[in-house]
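Numbering of ligands and ligand atoms starts at 1, following listing order. If you're wondering where the values come from, they're calculated on a predicted model, not measured in any experiment.
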Amino acid sequence: MARHLITSALPYINGIKHLGNMVGSMLPADVYARYLRRRGHEVLFVCATDEHGTPAELAAQEAGLPVAEFCARAHGAQRAVYERFGLSFDHFGRSSSPQNRETTQEIARELQRNGFIEERAVRQVYSNADGRFLPDRYIVGTCPHCGYDKARGDQCENCTRVLDPTDLLEPRSAISGSSDLEVRETRHLFLLQSKLTEEVEGWVAAHGDDWPVLASSIARKWLTEGLQDRSITRDLEWGVPVPADVWPELAAEGKVFYVWFDAPIEYIGATREWADAAPAGQPRDWTSWWYDVDETVRYTEFMAKDNVPFHTVMFPATLLGSRRPWKKVDYVKAFNWLTYYGGKFSTSQKRGVFTDVALELLPADYWRYFLMAHAPESDDSSFTWDLFASVVNKDLADTLGNFVNRVLSFSRKRFGDDVPGGHPAGEPEQRLGEQVAGLLAEYEAQLDALNFRKAAQALRALWSAGNAYLDEKAPWLQVKTDPDAAALTLRTAMNLIQLYAVVSEPFIPTAAAAMRAAFALPGDAPAATLDWVGPERARALDLVPAGTAFTVPPVLFAKITDEDLAAWTERFGGAAA
Ligand SMILES: [Zn+2]
């Protein structure tokens with residue numbers, strides 16, 4: 001048993017997220033967390049809303065709410081969707097928490113003490129038309145590296161390079177579109193990342209080989225260009241205040257830390273929130289997950305590729321510069337983009353399917369399975385309604401759902417409400433057992449390696465193996481000539497259903513619970529965990545004994561009809577933009 005710390009990139013507070021956001025961080029992290037728990041490991045899975053920064057301030061203004069109130073409501077709305085999506089966070093926190101404020105300020109003090117922070121006069125872009133300083137991301141222009149003409153002042157989302165607003169060619173205000181911009185002077189804190197480049201390089205060299213190429217190549221590309229000193233404060237109302245004991249003047253001017261400085265620290269902050277929320281008599285130690293635990297905790301981060309530089313270079317630089325033994329990431333699981341008909345899902349342009357709307361159409365399991373089976377791992381992948389419907393209908397409704405329903409219904413009709421006995425297992429069951437053991441080993445190996453598409457393939461192959469066995473044995477014919485043979489077939493098939501309940505749980509937890517509830521097994525029955533290794537896998541078909549009472553659950557997965565498909569394509573738009 002190992003201790004696994006799992007985080008998924010923090011969703012920004014504004015707006016409900018789309019399916020692309022879900023598959024790029026939170027959902028795979030949840031599948032992995034559920035899998036590790038099933039294997040008997042100790043898991044802490046934390047996430048939070050990323051609440052600071054200008055977009056939150058502007059959205060609150062637009063909604064006519066104080067920003068704290070706006071964020072509290074928006075956090076509640078996101079959390080409700082994630083609960084309905086079955087995301088099994090141990091804690092879903094808020095980067096505006098007192099715990100994160102304290103940790104962020106403490107790390108800033110340590111960085112200052114160690115000579116990695118410097119106060120500098122900076123010239124900042126002021127928009128005369130808008131009558132305000134423009135935060136970096138509200139200046140748009142042409143990327144000097146790749147020529148993309150909608151690059152933001154903080155980052156080019158086309159080539160992922162981090163930018164300074166003054167790098168942009170032909171800059172203009174994203175609010176008004178005005179190019180009447182001027183530069184004025186103010187003072188800000190800078191994190192001297194240039195002094196940490198070698199250390200971060202050494203750290204990436206020691207760990208990056210274990211990461212997927214997508215993550216390690218982005219980190220190395222960044223380091224090749226050398227780390228730039230970065231401003232880590234902003235002139236905003238809403239954020240972690242610069243601590244007055246160290247920087248009294250800046251604190252008096254109301255400077256707050258830049259959202260990208262405090263957001264990753266919220267992984268620690270959320271763990272402190274989790275510890276502070278411990279039930280009476282069950283104390284939780286957040287330091288046992290974060291502090292001086294390099295050898296005992298394995299830390300896996302999930303994120304989309306645009307977040308990789310911050311997680312593999314900037315956040316490690318912050319932690320290294322603190323000179324404290326903070327836990328740093330062991331494995332970075334990064335994702336490409338899920339596209340909508342080959343184009344971008346876009347929160348701001350309301351293009352694609354949003355997580356709350358998705359759940360109005362169908363329960364979470366349909367989306368969870370489809371998204372993970374088509375996760376954008378080695379390349380971008382595209383959502384289309386036709387593909388979604390064909391995967392749901394074939395894999396979930398036909399291969400899994402129909403198997404469960406016809407086995408249990410037929411057995412009840414012929415043999416009553418208990419698992420039938422019949423003949424002892426024979427050669428076909430032996431063969432099936434070997435096949436299942438092989439597929440289980442494959443499934444576990446792919447999940448251990450965080451290859452979600454291949455794990456989903458192995459899961460689907462397990463479901464298919466049941467159908468092939470049933471077709472081969474044809475209990476509806478056997479029952480006419482040898483009822484004991486039919487009973488054996490059905491008993492074996494029911495054992496498969498119980499197996500499916502266990503192995504499918506990380507992907508489709510609701511259907512898994514329904515399958516498991518079909519059998520009146522004691523709560524601690526062996527198949528409750530997935531902790532089978534080696535020869536134990538051979539027992540996978542011997543966990544539901546004859547005589548066990550069962551019920552027939554409602555249909556697990558309804559088919560998507562042509563009418564549904566037509567209506568959804570019409571409603572959400574099918575063609576690429
Ligand atoms: Zn670019």
Side-chain angles (χ1 to χ4, degrees), residues 9 12 18 20-21 24-25 50 53-55 122-125 127 134-175 177-179 181 183 191 193-194 197 200-201 204 208 211-232 234 258-261 263-264 303-315 317 332 334-340 342-349 351-352 376 378-382 576-577:
Y12 195 67
H18 54 65
N21 301 128
S25 58
D50 174 9
T54 321
V122 299
R123 295 158 62 72
Q124 200 172 334
V125 176
S127 166
L134 291 181
D136 294 355
R137 55 186 294 148
Y138 279 87
I139 305 161
V140 292
T142 301
C143 172
H145 302 288
C146 74
Y148 180 60
D149 67 357
K150 293 183 189 66
R152 293 190 321 228
D154 57 344
Q155 186 178 21
C156 171
E157 59 183 0
N158 187 53
C159 69
T160 76
R161 280 186 177 82
V162 164
L163 300 174
D164 197 77
T166 53
D167 295 339
L168 292 173
L169 310 172
E170 296 174 25
R172 58 197 184 273
S173 163
I175 303 169
S178 166
S179 55
L181 308 177
V183 173
L191 180 60
Q193 293 192 130
S194 57
T197 301
V200 176
E201 267 169 0
V204 169
W211 304 341
V213 174
L214 181 61
S216 59
S217 63
I218 292 175
R220 293 207 166 96
K221 189 177 93 178
W222 250 55
L223 287 164
T224 307
E225 291 163 10
L227 293 187
Q228 309 292 316
D229 298 340
R230 289 269 280 158
S231 160
I232 54 166
R234 289 292 182 274
Y258 182 30
V259 59
W260 255 108
F261 184 72
M303 71 200 69
K305 62 183 171 186
D306 61 332
N307 270 329
V308 169
F310 296 100
H311 286 79
T312 59
V313 177
M314 274 183 70
F315 185 41
V332 179
F335 288 85
N336 289 287
W337 305 122
L338 178 72
T339 65
Y340 187 75
K344 280 188 70 166
F345 270 91
S346 166
T347 307
S348 51
Q349 293 169 33
R351 204 180 125 67
S378 56
D379 207 342
D380 292 352
S381 65
S382 180

Q) In Å, rounded to the nearest 0.5 Å, how long is the span from OH of Y148 to OG1 of T142? A) 10.5 Å

**Q.** K344 atom NZ, neighbour heavy-atom count above 12 within 6.0 Å
**A.** no

Q: Mark yes when over 12 heavy atoms from residues, nucleotides or ligands other than Q228 sit less than 6.0 Å from its CD; otherwise mark no.
A: no

Q | T160 OG1 to D306 CG distance, which is reported to the nearest 0.5 Å | A | 8.5 Å

Q) Counting no waters, what protein N/O/S atoms lie under 2.8 Å from the Zn ion (ligand 1)? A) C143 SG, C146 SG, C156 SG, C159 SG

Q) Roughly how far, to the nearest 0.5 Å, is CZ of F310 from CZ of F261? A) 13.5 Å

Q) At what distance, to the nearest 0.5 angstrom, does CD of E157 lie from NZ of K150? A) 10.0 Å

